[in-house]
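Reading through the structure tokens given below for one structure.
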Amino acid sequence: MALVSVGFCAVFANQIRVQVTQRDDIFKKADTIGRMMQSETLFARRGNILASDGRLIAASASRFRLGIDPGKSAMSPALVHELSVASGIPASELLDFVSRKRTSADFDTLLDATQAAEVERIRIRHSADHVWTRPAKEREYPLREYMAPILGFVENGGGRTGVEKWMDEALKGREGSLLGMKDGGGRFLPWLMRKTNSRPALDGEDIVLTIDADLQVVAMDSIVRQTTDHRGDHGVAVVMDVKTGDVLALASAPTYDPEDPSRAFADFASGKRSTPEINPAVSLMFEPGSTFKLFTVALGLESGVIRPNETVVCSGTKQFSVKTMQCAGDHAPKAHGQVGVELCIAASCNIAAATWGVRIGFDRFHQVVERLGLLEKQGLPLSPEARGILTRDRGNPVIQMANVGFGQSITATPVGLASAFTCFANDGYRVAPRIIDEVSGVKQPEAKKTQVFLKETANEVLKMTHAVVQSPQGTGYSLRIPGYTLAGKTGTAQKRDAKTGLVRSGMYISWFVGYFPAENPRAVILVMVDNPKSGTYYGGSVAGPVYRDIVQFLIRKWKVHPDRPMEAVNASQ
Amino acid sequence: MDRSMNTDVRPMDKTLTILIAIAAFLGCVVILAAGYPQAVAKGESVFFADWRKHVIFLLGAVWVYFWVARFSMDFLKVIAKPAFYLTFIGLILVFIPPFGVKINEAWRWISVFGFTIQPSEFMKAAVILYLASVLSAPVLRSLPRPRDWVQTVDRRIIPFLQKSWPYVVVFIALVLIEREPDLGTSLMVGAAAFGVLLFSRIPTKVLLTCLGVGVLIALIIIMSGFERYRFERFIKHGDRWNPAVAKDIGFQPTHSELAMATGGATGVGVGKGRSKYIMPAATTDFIYTTAVEELGFFGSVSILVVLGAISLRLIMQAATIEDPFRRMIVGAVGWWIGVQSVLNMLMAGAALPTVGIPLPFFSYGGSSLFALAVTMGIAQAAIRGRVAQEAKRAVSRHRRGHRRTRLSRA
């Protein structure tokens, strides 16, 4: 009796020890072996990116791979069996792997999210640290290289370049975490959760771009073809809605496979291409060449520098201060004769443009270039942005302004130029570019509009651009499409050496800026091929065909009716 | 007076019955509370199948209890030996496949008519009954000194073997149970047997010898490392919070200790325990854990008090009974309940290394429930001390005759 009583007293004493006196001590010990509070990260789903037509162009992949490190610890038959059931990988394959391999590896079989979650539960139940699941592919890009210049790609959970990088904050969402006590199966017990320290994961926001996926594909095909055929360093084709500033297509070459960008980086390392981390349309500056004459003429007309019906005599060459300017011809400088503003645009007369450029002067030019937004960043989240440069040349203002008159000695980014050219199709208002249409369902602000020219001036200049394609004298005559009036301006800039900053012979930048439809344009299309080395370098022949391809697509897409008789087109180019 | 003529006939011990009823009712509640999470996780309802089985078995057990409590002492003495050997055969049958069933790598059950029965649980009652009947039998008169070897065999060796046979056969039973393997039950059967000795008034010398031998054998079994895990449980018990140990053999004691600490003085609240989601033996060996975790001191003390009361009530009753057979039964049952309860609660509280021992009246288990009903019934019968109908009549006849004689004398 005494013995039994002592026994029960011992039990009571032990309960006092456990429940009261050593309570905190037990908590401390339990905490050190992870029995108390455990935390778990809740991964946020990265936001999807959609084209304006709703096509998914970047999607979060939810495929996982099962990995095992057989060298670390033995695997019980029960664990192997359960893993096999959960993952669908035959048990024989697992056993074979465990018995043969000495190093860790992932299985090729892709698991979906539920399978991966089941494997995770098994892992916890068996405390098998040598088994894991990890995402097989971070991101899927259904349009692959067609969208790579815009979207960039994701690396180690973060955007490396493109929209993926510059909109990373919105796309990645916020990781959540859970803190609390778990049951034997690794699940949290709801009433033992530390609510204040737990927060749900916020999935990334879906982004809708202004890009039209079909148009982007057409533009990419075309610009890549022209750049490759003419062995250019870069190629850019920008299609912008002239009213809203929406970038409908932003094609650039060279491109790469965003699901496997390693090859592009290898090419970059070996000097075969520029880094995939920049988009030449926003990161690089180029001299706009003759396309710039549109601004020279518009500014000249509006400021009264060019008198109505004024003509300049072009003999092919003309002395400006200490330098001789010339109009480009096939073998010798081309003499344009009596050149008015229309011909200056259509035939791209340098002498006339230079003459007027000098007359306009730096200040007026600078003011307009500023208003055109060429000297500022365009605000597109694609890659590090550059801004155009126009600085006063103290040495010889005459030479500088003659150069600026036909688009040299000034630089701008292709996207900046595309935006600047919207002014002629938009009653003199320049519209800033816009590529993010919606972020998680919220429409992004409309593009900023700035009046640069008067409505009359803008429309007059726009009219002149018709002749570039439609008039036999025009530099883009070969680009005609039967039944449709096209409008644009070619440009062939001389490229400066990157090191010396001096113009180098034999290096050009081919430009074409065009509108479509010619009356009441909806889109401005800017094409550039940087440094074509095929021997052909005129804007009309190298960049122009891209414009024509895009217009041909837009005719079908927008169902535009022919606006002129179907005259035969002889020129086959 | 004839020894079998027991005159100390008492009514049934109502207090004991009430205590048992309280314990059985609490047991039902705690099994439900501790068992439902893992049952629900397996897709069962909250009132899971095992619990429903327990409640139905409990009704049967109540009937068994009251039925056995009516047994007369003569009947108990008659069935003592057959019951023991029948159970003994059961212990052997568990190893023989058509009858024996292997569950969780252990041969503990025999399958009869679709029921699985665990003979070792019934062995506790059988061993108490058997040893009590043996030890209460008339002592052999000492024989005269043997003069040659034939007489030595006759008068010394054979009587010695006869005298020690019960101890030997009980020891074999313990070994059989240990080999199932089921060290916990083996220890408890041993404790029950020792309980009989405690109340048999045999010399303290013999008692201590038995205890010493028993403890020594138990220690040898554990420490020999014959079964690696048992050895490690004992060796590493003090080191159970070491991360590697806590993951492995320290898993149950550490989780149980932590759960009880979490419960603290007030408990975390009914249904809010965590250990029952984690521990494998939440409704059996570690049922005390959930009770303490969820109810704090109320849980730990109420269970302790109820079990202590049952145990001490029986022992106190035993002290008042003169008849050795009855005294030994009542005392041994009380002792056994006390020892098993104390050991289970100390193991759940991590004061002792874990050896699978269930908590009487609380742990889930069909065989142990019925065995307990039988044992408590036997104890109750022994407290009452009824005599068989014939014997009773004989007594009354005797008394009547006596009275008549007296009357005539008067």
Side-chain angles (χ1 to χ4, degrees), chain A residues 1-38 73-74 76-78 118 121-130 179-194, chain B residues 37-38 41 198 240-244 246-247 250 254-265 267-269 271-280 288 292 296-297 300-301 304-305 307-308 311-312 315-316 318-319 331 334-335 337-339 341-346 348-352:
Chain A
M1 176 142 173
L3 225 58
V4 172
S5 307
V6 166
F8 279 102
C9 289
V11 173
F12 184 70
N14 185 50
Q15 290 312 125
I16 297 276
R17 172 187 78 85
V18 175
Q19 291 175 251
V20 182
T21 53
Q22 284 190 17
R23 194 171 180 231
D24 294 328
D25 189 40
I26 291 168
F27 285 156
K28 220 178 287 161
K29 285 191 225 162
D31 200 29
T32 55
I33 61 169
R35 284 273 173 80
M36 303 290 283
M37 289 291 159
Q38 282 163 297
S73 171
S76 71
E118 186 56 36
R121 270 199 283 282
I122 292 166
R123 192 183 73 76
I124 292 165
R125 201 159 55 232
H126 290 262
S127 15
D129 299 333
H130 52 300
L179 187 71
M181 293 195 182
K182 290 182 170 182
D183 70 4
R187 282 165 295 242
F188 283 104
L189 296 171
W191 62 93
L192 294 176
M193 297 283 301
R194 195 64 72 70
Chain B
Q38 290 185 25
L198 266 181
R240 62 187 177 280
W241 283 104
N242 181 320
K247 230 183 207 177
T254 47
H255 261 301
S256 184
E257 203 175 357
L258 171 60
M260 287 180 174
T262 310
V268 294
K272 291 186 174 175
R274 172 185 176 225
S275 61
K276 60 190 181 188
Y277 286 87
I278 299 173
M279 300 189 55
Y288 193 48
V292 177
F297 270 125
S300 59
V301 172
L304 188 136
V305 164
L307 290 172
S311 171
L312 295 176
I315 291 171
M316 277 155 68
W335 158 261
I337 294 282
V339 170
S341 305
V342 165
L343 286 183
N344 173 281
M345 291 189 279
L346 286 179
L352 291 178

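Numbers restart at 1 for each chain; the letters A, B, ... are given by sequence-line order, proteins then strands.
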**Q.** Region of A:V18 that comes under 4.5 Å of a non-hydrogen atom in chain B
**A.** both
Q: Pick one of side chain, backbone, both or neither for A:L3, based on which atoms fall under 4.5 Å of a heavy atom in chain B.
A: side chain
Considering only heavy atoms, which portion of [X] lies under 4.5 Å from any heavy atom of chain A: side chain, backbone, both, or neither?
| X | result |
| --- | --- |
| B:T262 | both |
| B:S311 | side chain |
| B:Y288 | side chain |
| B:L343 | neither |

Q. Are A:R17 and B:E257 within salt-bridge range, i.e. N to O under 4.0 Å?
A. yes
Q: Answer yes when A:D25 and A:K29 have at least one side-chain N-carboxylate O distance shorter than 4.0 Å, and no when they do not.
A: yes
Q) Out of curiosity, A:D31 CG to A:I26 CD1, how far, rounded to the nearest 0.5 Å? A) 13.5 Å
Q | With B:V305 via side chain to side chain contact (heavy atoms under 4.5 Å, CB included) - residues at least two apart | A | B:V301
Q.
Among residues at least two apart in sequence or on other chains, which ones pass side chain to side chain contact (heavy atoms under 4.5 Å, CB included) with A:A30?
A. A:R35, A:M36, B:W241, B:L258
Q: Verify side chain to side chain contact (heavy atoms under 4.5 Å, CB included) between A:F8 and B:S341, making sure each step is shown before the conclusion.
A: CA-CA 8 Å; A:F8 279 102; B:S341 305; 4.0 Å; yes
Q. With respect to chain A, which residue among B:A351, B:A348, B:G269 yields the maximal number of heavy-atom pairs within a distance under 4.5 Å?
A. B:A351
Q | Most chain A-contacting option - heavy-atom pairs closer than 4.5 Å, from B:Q38, B:K272, B:M316, B:K276 | A | B:K272
